[in-house]
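Residue numbering restarts at 1 for every chain, and letters A, B, ... go by the order of the sequence lines.
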Protein chains: 2
Amino acid sequence: MTSKQEFIEKLRNSSLRPTKQRINICEVLFNRDKTFHFTINDLFNLIKDKTGENVSLATVYNTVHAFLKKGYLKEIPINSNQTYFDTNVTDHHHFFDVKEEKLIDIKNEDVGPIEIQKSIPGKKIKSVEVLVKLED
Amino acid sequence: MTSKQEFIEKLRNSSLRPTKQRINICEVLFNRDKTFHFTINDLFNLIKDKTGENVSLATVYNTVHAFLKKGYLKEIPINSNQTYFDTNVTDHHHFFDVKEEKLIDIKNEDVGPIEIQKSIPGKKIKSVEVLVKLED
DNA sequence: CTTTAATATTATAATTATTCTAATCTCTTT
DNA sequence: AAAGAGATTAGAATAATTATAATATTAAAG
């Protein structure tokens with residue numbers, strides 16, 4: 001259980017103002033044991049449910065993007081009508097269950113080393129992400 | 001140079017009616033040497049430019065989705081506000097130049113074998129796709 | 001060959017996802 | 001405490017995608 005005070009510090013330390021909207025969003029996102037995969041809409045609904053307070057959808061977008069930039073969230077490359085995010089910001093990969101539209105983490109250790117034998121002049125590799133689509 | 005007649009046959013053979021809208025879309029998509037990465041909007045604009053005819057945006061969506069289902073196009077898993085597609089339907093991977101928002105194919109041979117040492121009961125692997133993000 | 005009926009396709013209209021910006025809040029400086 | 005500077009919020013606007021009524025295509029019958 002992380003306290004509200006810790007979220008306030010976390011926000012201040014990354015020069016994000018600790019507004020009540022952001023603290024509510026932190027409660028929903030980071031007050032959990034397991035990694036959490038979500039869309040903006042999932043998060044929006046959970047905020048209402050869990051905190052009883054209303055945060056506008058635009059603010060959820062703003063905050064998620066601010067957290068992304070600070071490295072508190074990761075965007076998951078997947079084709080869906082909605083963008084998926086992950087609270088697990090370590091280097092890892094994903095299964096995507098196409099039928100159930102569900103994401104599952106794959107630890108980096110569970111994927112053999114990936115060798116890219118091609119390079120683009122003037123560019124360097126920022127990240128390598130694997131998406132494994134699952135069917136029945 | 002592929003002829004209009006060939007597109008008509010291709011469409012008929014996959015039980016898609018060869019409407020003039022679809023033929024125009026085929027001209028833009030498949031009348032080229034190199035693989036082509038595009039968004040629905042790119043395609044919509046190219047149709048107007050290249051054929052001089054107007055096809056509604058909704059029809060572009062419909063047709064791209066029909067072609068996807070028939071296996072004539074591939075959807076590229078990437079996080080962008082718009083969905084990207086590829087005329088290269090062989091098994092391959094992508095670089096994504098984050099700054100320029102540009103996709104580059106990586107041939108399957110240029111990526112070492114990818115071993116997934118985790119499995120999900122009752123599910124089998126449908127595809128494995130690698131996205132390599134590039135920065136300067 | 002037409003005509004007709006069944007079905008597929010198109011494109012407008014509706015919906016959903018995301019971003020823009022004026023009003024508001026937070027924080028620093030005094 | 002008050003004010004100014006800048007950050008944040010949320011309503012309004014825009015952009016992306018989908019649903020459906022109107023239209024077009026095709027196969028079958030005459």
Say whether, by atom type as modelled, one donor and one acceptor occur between the side chain of A:S14 and the main chain of A:L16 under 3.5 angstrom.
no
Note down the inter-axis angle between the two ends of the helix from C:dC1-D:dG30 to C:dT30-D:dA1, five pairs each, to the nearest 10°.
10°
Taking A:L103 as the starting point, is it possible to reach A:L29 by hopping between hydrophobic residues whose side chains are less than 4.5 Å apart?
no
If the threshold is 4.0 Å, N to carboxylate O, is there a salt bridge linking A:E129 and B:K133?
yes
Per the under-4.0 Å heavy-atom filter, residues of residues 35-42 of chain B near DNA chain C come out as none
Derivation and outcome, side chain to side chain contact (heavy atoms under 4.5 Å, CB included), residues B:C26 and B:Y72
CA-CA 10 Å; B:C26 281; B:Y72 300 146; over 6 Å; no
Where is the tightest heavy-atom contact between A:V132 and A:V130, given as atom of each residue plus distance?
CG2-CG1, 3.9 Å
Does a side-chain N or O of A:R12 approach OP1 or OP2 of C:dT26 to a distance below 4.0 Å, or not?
no
Are B:Q82 and C:dT18 close enough that a side-chain N or O sits under 4.0 Å from OP1 or OP2?
no
Return the value, rounded to whole Å, for the distance between atom CG of B:N79 and atom P of D:dA16.
15 Å
Flag this pair as yes if the NZ/CZ of B:K126 is under 6.0 angstrom from the six-membered ring centre of A:F96 and inside a 45 degree cone about the axis; otherwise no.
no
Taking 4.0 Å as the cut-off, does a side-chain nitrogen or oxygen of B:T19 come that near to OP1 or OP2 on C:dA8?
no
D:dA7 P sits how many Å from A:L11 CG, rounded?
16 Å
For the residue pair B:F7 and B:F30, categorise the inter-ring angle as parallel (less than 30°), tilted (30 to 60°) or perpendicular (more than 60°).
tilted
Should B:Y61 and B:L68 be counted in the same cluster of Ile, Leu, Val, Met, Phe, Trp and Tyr side chains packed under 4.5 Å apart?
yes
Between atom NZ in A:K20 and atom C1' in D:dT8, what is the gap in whole Å?
11 Å
Whether A:Q21 contacts D:dA10 is assessed here as follows: a side-chain N or O lying under 4.0 Å from the phosphate OP1 or OP2. Is that the case?
yes
Value in whole Å for how far the P atom of D:dT18 lies from CZ of B:F44:
16 Å
The correct set of residues in residues 56-72 of chain B placing a heavy atom under 4.0 Å from DNA chain D is B:L57, B:A58, B:Y61, B:H65
Expressed in angstrom and rounded to an integer, what is the separation of B:I47 atom CD1 from C:dT10 atom C1'?
13 Å
Could you check whether any side-chain N or O of A:K118 sits under 3.5 Å from a backbone N or O of B:D105, counting only pairs where one atom can act as donor and the other as acceptor?
yes
State whether B:K123 and A:D97 are salt-bridged, where the test is any N-O pair (Lys NZ or Arg NE/NH1/NH2 against Asp/Glu carboxylate O) under 4.0 Å.
yes
Rounded to the nearest Å, what distance is computed from the CG atom of residue B:L43 to the P atom of nucleotide D:dA16?
14 Å
Would you kindly give the CG-to-C1' distance between B:N13 and D:dT26, to the nearest whole Å?
16 Å
Whole-Å gap separating C1' (D:dA24) and CZ (B:R22)
11 Å
Less than 4.0 angstrom between a side-chain N/O of B:R17 and OP1 or OP2 of D:dA24, yes or no?
no
Should the pair B:F36 and B:F38 be assigned to parallel (<30°), tilted (30 to 60°) or perpendicular (>60°) ring geometry?
parallel
I'd like to know whether NZ of A:K69 has more than 12 heavy-atom contacts from other residues, nucleotides or ligands below 6.0 angstrom.
no
